[in-house]
Amino acid sequence: MHHWCKLIPQATMTLNMLRPCRQNPALSAWEALFGAFSFDATPLAPPGTLTFVHEKPTKRASWAARATQGWYVGPAPNHYHCSISVVAFPQIRRSSHTTATRHPPHGY
């Protein structure tokens with residue numbers, strides 16, 4: 001429950017992409033301020049999506065789990081194709097290049 005504040009940057013980014021710019025209504029507010037957003041370089045996912053964050057071989061034992069369960073909280077805009085997740089144990093934010101997301105099924 002105490003990680004809700006970490007969702008604010010993605011919410012702000014998403015709202016600015018949806019809102020038109022006042023000076024040029026053909027552009028979004030985000031595009032007017034920062035230029036075109038590259039979804040290839042910075043992928044977005046629904047906040048709170050279950051993720052599995054890859055553990056690098058140098059950071060784990062040889063027979064340890066290769067991924068740690070976490071929840072997606074936003075993109076890492078300063079890193080190419082990375083996302084920020086809150087890892088289940090210990091409760092910390094981690095930026096990872098390799099994540100696997102599990103989106104909830106449609107209809108709920």
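FYI, side chains are in, hydrogens and waters are out, and symmetry mates aren't considered; it's all heavy atoms of this structure.
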message: Using side-chain heavy atoms (C-beta onward) and a distance below 4.5 Å, is Pro43 in contact with His81?
response: yes

query: Is the shortest heavy-atom distance from the side chain of Trp71 to the side chain of Leu50 under 4.5 Å?
result: yes

- prompt: Which residues satisfy the side-chain hydrogen bond (donor to acceptor under 3.5 Å, both in side chains) test with Arg19, sequence neighbours excluded?
  reply: Asn16

query: Listed by chain and number, what are the side-chain hydrogen bond (donor to acceptor under 3.5 Å, both in side chains) partners of Glu55, not counting sequence neighbours?
result: Thr68, Arg94

Closest non-hydrogen atom pair between [X] and [Y], with its separation:
X     : Y     : value
Cys5  : Pro9  : O-CD, 4.1 Å
Thr42 : Pro77 : CG2-CA, 4.4 Å
Ala32 : Cys21 : CB-SG, 3.6 Å

task: Could you tell me the separation between the NZ atom of Lys6 and the OG atom of Ser85, rounded to the nearest 0.5 Å?
output: 12.5 Å

task: Answer yes if Trp30 and Leu33 sit in the same cluster of Ile, Leu, Val, Met, Phe, Trp and Tyr residues linked by side chain heavy atoms under 4.5 Å apart, and no otherwise.
output: yes

Just jot down the side chain to side chain contact (heavy atoms under 4.5 Å, CB included) partners of [X], sequence neighbours excluded, or say none.
X     : result
Ala64 : Arg60, Ala61
Ser38 : Asp40, Ala41
Leu44 : Gln10, Met13, Met17, Phe37, Phe39, Tyr72, Pro75

message: Apply the hydrophobic cluster definition, ILVMFWY joined by side-chain contacts under 4.5 Å directly or through others, and give me every member besides Val53.
response: none

message: Taking Ile8's backbone N and O only, do any of them form a donor-acceptor pair with Thr12's side chain (distance below 3.5 Å, no angle check)?
response: yes

